Amino acid sequence: MTETSSAPGLPDRLSTNPKSPFYDEALLSRGVGIKFDGQEKTNVEEYCISEGWIRVAVGKTVDRKGNPLTIKLTGKVEPYLEK
């Protein structure tokens, strides 16, 4: 069995995109912070604890549908509630 999260009530996977099945508006409104490989990340679009990755926006670049372009980084993911 895998460790689900470092804080109780946080899902294994969470996205900021409302079209994603992993989007949770109530949880995001409470404020979720991410520590990735020991560093604080503020531009995380999506994370997965069990697979050990985050998706971060690449500057202000967007695709043809207006969504930010992202890259996937692998490492240790530690989400926490800010509030």
Side-chain angles (χ1 to χ4, degrees):
M1 182 175 238
T2 60
E3 180 182 338
T4 56
S5 68
S6 58
L10 289 176
D12 177 56
R13 189 168 175 179
L14 185 65
S15 175
T16 58
N17 184 351
K19 296 177 184 176
S20 171
F22 303 106
Y23 178 76
D24 185 353
E25 184 177 357
L27 187 59
L28 290 171
S29 67
R30 291 176 59 190
V32 176
I34 301 291
K35 262 190 161 178
F36 180 71
D37 284 339
Q39 291 184 336
E40 198 73 30
K41 295 288 185 181
T42 58
N43 60 343
V44 175
E45 298 287 325
E46 185 174 6
Y47 74 80
C48 183
I49 300 169
S50 63
E51 295 177 14
W53 57 262
I54 62 172
R55 286 200 177 272
V56 293
V58 180
K60 297 181 187 247
T61 310
V62 294
D63 65 9
R64 63 181 175 211
K65 295 180 182 178
N67 299 319
L69 290 180
T70 61
I71 58 171
K72 185 189 249 185
L73 303 173
T74 57
K76 185 176 180 188
V77 180
E78 300 174 48
Y80 61 90
L81 291 174
E82 292 178 340
K83 298 177 185 177

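Computed from a prediction, not measured in an experiment: that's the story for all the values here. Sequential numbering from 1 along the given sequence is applied to the chain's residues.
Looking at Leu14 and Leu28, their side chains come closer than 4.5 Å, going by heavy atoms from C-beta outward. For the pair Val44 and Phe36, the minimum side-chain heavy-atom distance is 4.5 Å or more.
Of the residues listed (Leu10, Thr16, Asp12), the one engaging Tyr47 in a side-chain contact (heavy atoms from CB on, under 4.5 Å) is Leu10, and it is the only one.
Note on residues 19-37: no pairs pass side-chain hydrogen bond (donor to acceptor under 3.5 Å, both in side chains), not counting sequence neighbours.
Leu81 is connected to Ile54 through a chain of hydrophobic side-chain contacts under 4.5 Å among Ile, Leu, Val, Met, Phe, Trp and Tyr, so both are in one cluster.
Atom CD1 of residue Ile34 and atom OG1 of residue Thr42 lie 11.0 Å apart, to the nearest 0.5 angstrom.
Annotation for Cys48 and Val77: closest pair O-CG2, 4.0 Å, computed over non-hydrogen atoms. The shortest non-hydrogen separation linking Ile49 to Pro11 is CD1-O, 3.8 Å.
In terms of the side chain to side chain donor-acceptor pair (under 3.5 Å) criterion, Glu82 has no residue partners (sequence neighbours excluded).
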Which donor-acceptor pairs under 3.5 Å do side chains of residues 55-72 form with protein atoms, sequence neighbours excluded?
{"unit_1": "Asp63", "atom_1": "OD1", "unit_2": "Lys65", "atom_2": "N", "d": "3.0"}
{"unit_1": "Asp63", "atom_1": "OD1", "unit_2": "Gly66", "atom_2": "N", "d": "3.0"}
{"unit_1": "Asp63", "atom_1": "OD1", "unit_2": "Asn67", "atom_2": "N", "d": "2.8"}

